[in-house]
Q: 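Dropping a structure here in structure tokens format, bear with me for questions.
The sequence lines fix the lettering, A, B, ..., with proteins before strands; numbering per chain opens at 1.
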There are 2 protein chains.
Amino acid sequence: MGRRRSEAVTLGDVAKRAGVSIATASKAINDRGEVAAATRARVLRAAAELSFQPNVLAQGLVAGRTRAIGLLTDEFDGRFAIPILLGAEKALSDQEMSVLLCDTRGDAIRRNHYIRTLLARQVDGFIVVGDSNDVRTSLTADLPVPAVYVYCRSTNPADLCLVSDDEGGARLAIEHLIALRRKHIAHITGPQHYRAARDRVAAVHAVLAEHDLPLAGGQPLHGEWSQRWGRHAARLLVATAPEVDAIFCGNDQIASGVVQALTGLGRRVPDDVAIVGYDNWEIFAADCTPPLTTIDLNLQQLGTTAVAHLAAALSGSRAAGVVRQPCRLVVRESTA
Amino acid sequence: MGRRRSEAVTLGDVAKRAGVSIATASKAINDRGEVAAATRARVLRAAAELSFQPNVLAQGLVAGRTRAIGLLTDEFDGRFAIPILLGAEKALSDQEMSVLLCDTRGDAIRRNHYIRTLLARQVDGFIVVGDSNDVRTSLTADLPVPAVYVYCRSTNPADLCLVSDDEGGARLAIEHLIALRRKHIAHITGPQHYRAARDRVAAVHAVLAEHDLPLAGGQPLHGEWSQRWGRHAARLLVATAPEVDAIFCGNDQIASGVVQALTGLGRRVPDDVAIVGYDNWEIFAADCTPPLTTIDLNLQQLGTTAVAHLAAALSGSRAAGVVRQPCRLVVRESTA
DNA sequence: CTGGTGACCGAAAACGATTTCGACAATGCG
DNA sequence: CGCATTGTCGAAATCGTTTTCGGTCACCAG
């Protein structure tokens, strides 16, 4: 207990060792003021020898920036927050900034607590990672620092929200299938109460209409986001619309289940039926036989973009509105 | 730009507003020293009215603790780091501590950079999350603060390493199958170069020997950690050891593939062949038909335990050695 | 040789807190 | 009433650092 650091090496120690005053040492280390190159080198060497850690905290006091940002997430175990976090962390570390991670578990009390804690730590900004589905009540009014909302929408239109372009992703998928001359395209996806599912369905209808094609099965099949539902839905679909020659699935789990069921029914993928998944969740998309063509959400890029916007906001120019991050078609053998 | 906080409200402001000295205000807010209840209330109200943020940074200067820890991870996208992180984050937030997250991507340069950064931020301790497979070179010598290694082993036996008890987990699985009176138990698992795979194989052999049972198929089947390998291995196994009535799989992906293949071959699960997975990765274990009995690694608990040890180390009592976190058998229908 | 000009450096003030310690009033006790 | 005790409070010291500002010194032109 007691003193944490065995011998808290202070700027004074460095100065003494370098044979200069504390002031000069400070200037040398922070590259400020006028310090002769030789002196500066001596100070730096002394600092290195003592493995001096400038007390960022005290310096932050005056300098104003802590070079840390708070990342608030509602549902960290969800699959989507992680790549976003990863991208953000990478982008931040490129700018020598740190991430303070907080998972609210969807609990408002925890969230407020975290916000207080992070503010007490003087974070320079917030990244709020949400659940694409629901709308986040805006925190911006309570914050003295900028915030960027990622993978969710804020209630305040003046906030900046980065979301995945679901319409664009679905469009990519369907246009890919149409380019492969498939005429009977079906859509198996997740629960209708997911905004992402609804947006993609809208795009599916739009693109098919543009090409005068029907939706095989008449309407999209809504179920869970699971392999099981994929298997079930595929059997349903083959029974009711045997002419189906392509299926666009709401995620890779469903797609993986669909492939299993189709294979079980003797339909060949992609020869008889082409399959496109969604999310590019490697563990499902690449492990499937055949590997799945799918839509990559560029989640890591989303995190990176969020950091870029935050950095912009920190230097004064803040954007607003909903920004859609384009998706990317990843072609594998399930449509080859 | 400029001043970040509109008007940095200082303790002096609070004191003036409350009509007390700065010293009294400090004591009132930190609940230290002798302060009359009425005065204290007045100070607190003033602080609240000014929405005063105690400058944790400056206070950390003297008090010594920043109440933040650094979490270093090699491979964050791996599936294992996340639950550990989650557990650690939860435990830390219960103690009003924050997590600074750093992902080294297995790069030594990044790692050193992060360590410097975190030390500059005066973190109170480190949690190093590794890859169970390899041995981490110990950082402890370079750190003026305690460190706990999780899900990996350190080169320094004086370090504290928390790992999952692979032998124990495998033992649970096999004993469960034996209790179900299965006589022909096989083992399909991942690459032999994984320590976890080897440790579990050893335990499988040991437990079977204790019960005078053979390993169906003669030896464990090593392959990838994938559904595909599960399917392939299951077909192999049925061909070479048709009497098999139980399979212990190295993870839930493999198990899920095994179930698919067995079902395809007309074997019923669990009636003909009981299946036990590993990891309790819900997305595979629970979505499987039938849902998988599996071994839960208690990863979140691992994170919590790590924090507990770190807290202990912070208050002076540091432990050492390798601590094995017990696993837990989760029974679902694949052995029902 | 003299005066001026920079470059370089250090003493000291500031910063926003905590903590020590002495002052003071109220209270208890004989 | 006198004295000791207790409870409150604030002046001032302290922390590690940055920043201001004045001093010193070398060098150079005249």
Q: Grab the NZ-P distance between B:K16 and C:dG16 for me, whole Å please.
A: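 Between P of C:dG16 and NZ of B:K16: 12 Å.
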Q: Which nucleotide sits closest to the side chain of A:T10: D:dG16, D:dT18, C:dC9?
A: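 Looking only at heavy atoms from C-beta outward on A:T10, the closest nucleotide is D:dG16.
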Q: Going by an N to O cut-off under 4.0 Å, is there a salt bridge joining B:R136 and B:D74?
A: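 B:D74 and B:R136: salt-bridged.
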Q: Using modelled atom types only, decide if a donor and an acceptor are shared between the side chain of B:T305 and the backbone of B:Q301 within a distance under 3.5 Å.
A: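 Pair found, side chain donor or acceptor close to backbone of B:Q301.
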Q: Select one nucleotide: of C:dT18, C:dC8, D:dT18, the one nearest the side-chain heavy atoms of A:S26.
A: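 Out of C:dT18, C:dC8, D:dT18, the nucleotide with an atom closest to A:S26's side chain is D:dT18.
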Q: Under 4.0 Å between a side-chain N/O of A:T24 and OP1 or OP2 of C:dC8, yes or no?
A: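 No, outside the criterion.
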Q: Do A:E89 and B:R105 sit within salt-bridge range, that is, some charged N less than 4.0 Å from a carboxylate O?
A: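 The answer is yes: the pair qualifies as a salt bridge.
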Q: Figure out the CG/C1' separation between B:N30 and C:dA17, and round it to whole Å.
A: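 For the pair B:N30 CG and C:dA17 C1', the rounded distance is 9 Å.
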Q: Send over the distance from B:E34 CD to D:dG10 C1', rounded to a whole Å.
A: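 To the nearest whole Å, that distance equals 15 Å.
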Q: Could you grab the distance from atom OG of B:S164 to atom CG of B:L302, nearest 0.5 Å is fine?
A: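 Between atom OG of B:S164 and atom CG of B:L302 there are 7.0 Å.
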Q: To the nearest angstrom, how far is B:D13 atom CG from C:dG16 atom C1'?
A: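 From B:D13 CG to C:dG16 C1': 11 Å.
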Q: To the nearest angstrom, how far is A:L11 atom CG from C:dA11 atom P?
A: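 Rounded to whole Å, this separation is 14 Å.
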Q: Whether A:R32 contacts D:dT19 is assessed here as follows: a side-chain N or O lying under 4.0 Å from the phosphate OP1 or OP2. Is that the case?
A: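 It does, given that an N or O in the side chain of A:R32 lies less than 4.0 Å from OP1 or OP2 of D:dT19.
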Q: Report the distance from atom NZ of A:K27 to atom P of D:dT19, rounded to the nearest whole Å.
A: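 After rounding, the gap between these two atoms is 10 Å.
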Q: Rounding to an integer number of Å, can you tell me how far A:R42 CZ sits from C:dC8 P?
A: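 Spelled out: CZ on A:R42 to P on C:dC8 is 13 Å.
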Q: Could you tell me whether the side chain of B:R328 and the main chain of B:P326 form a donor-acceptor pair under 3.5 Å?
A: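 No; zero donor-acceptor contacts below 3.5 Å.
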Q: Please report the distance, rounded to the nearest Å, between CD1 in B:I22 and P in D:dA12.
A: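 Rounding to the nearest Å, CD1 of B:I22 and P of D:dA12 are 13 Å apart.
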Q: Distance-only, no hydrogens or angles: does the A:T104 side chain make a donor-acceptor pair with backbone N or O of A:T73 under 3.5 Å?
A: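 Yes, A:T104 side chain to A:T73 backbone: donor-acceptor pair under 3.5 Å.
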Q: When you check the gap from the basic side-chain N to the acidic O, do A:D31 and A:R40 get nearer than 4.0 Å?
A: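 Looking at A:D31 and A:R40, the cut-off is met.
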Q: At under 4.0 Å between heavy atoms, what does A:A23 touch on the DNA or RNA strands: base, sugar-phosphate, or nothing?
A: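 Base, at least one base heavy atom under 4.0 Å.
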Q: Does B:S21 place a side-chain N or O at less than 4.0 Å from the phosphate oxygens OP1/OP2 of D:dG10?
A: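 For B:S21, the contact criterion (side-chain N or O under 4.0 Å from OP1 or OP2 of D:dG10) is met.
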Q: What is the bend of the helix from C:dC1-D:dG30 to C:dG30-D:dC1 when you compare the axis at one end with the axis at the other, using five pairs each and rounding to 10°?
A: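 The two end axes of the helix from C:dC1-D:dG30 to C:dG30-D:dC1 meet at 40°.
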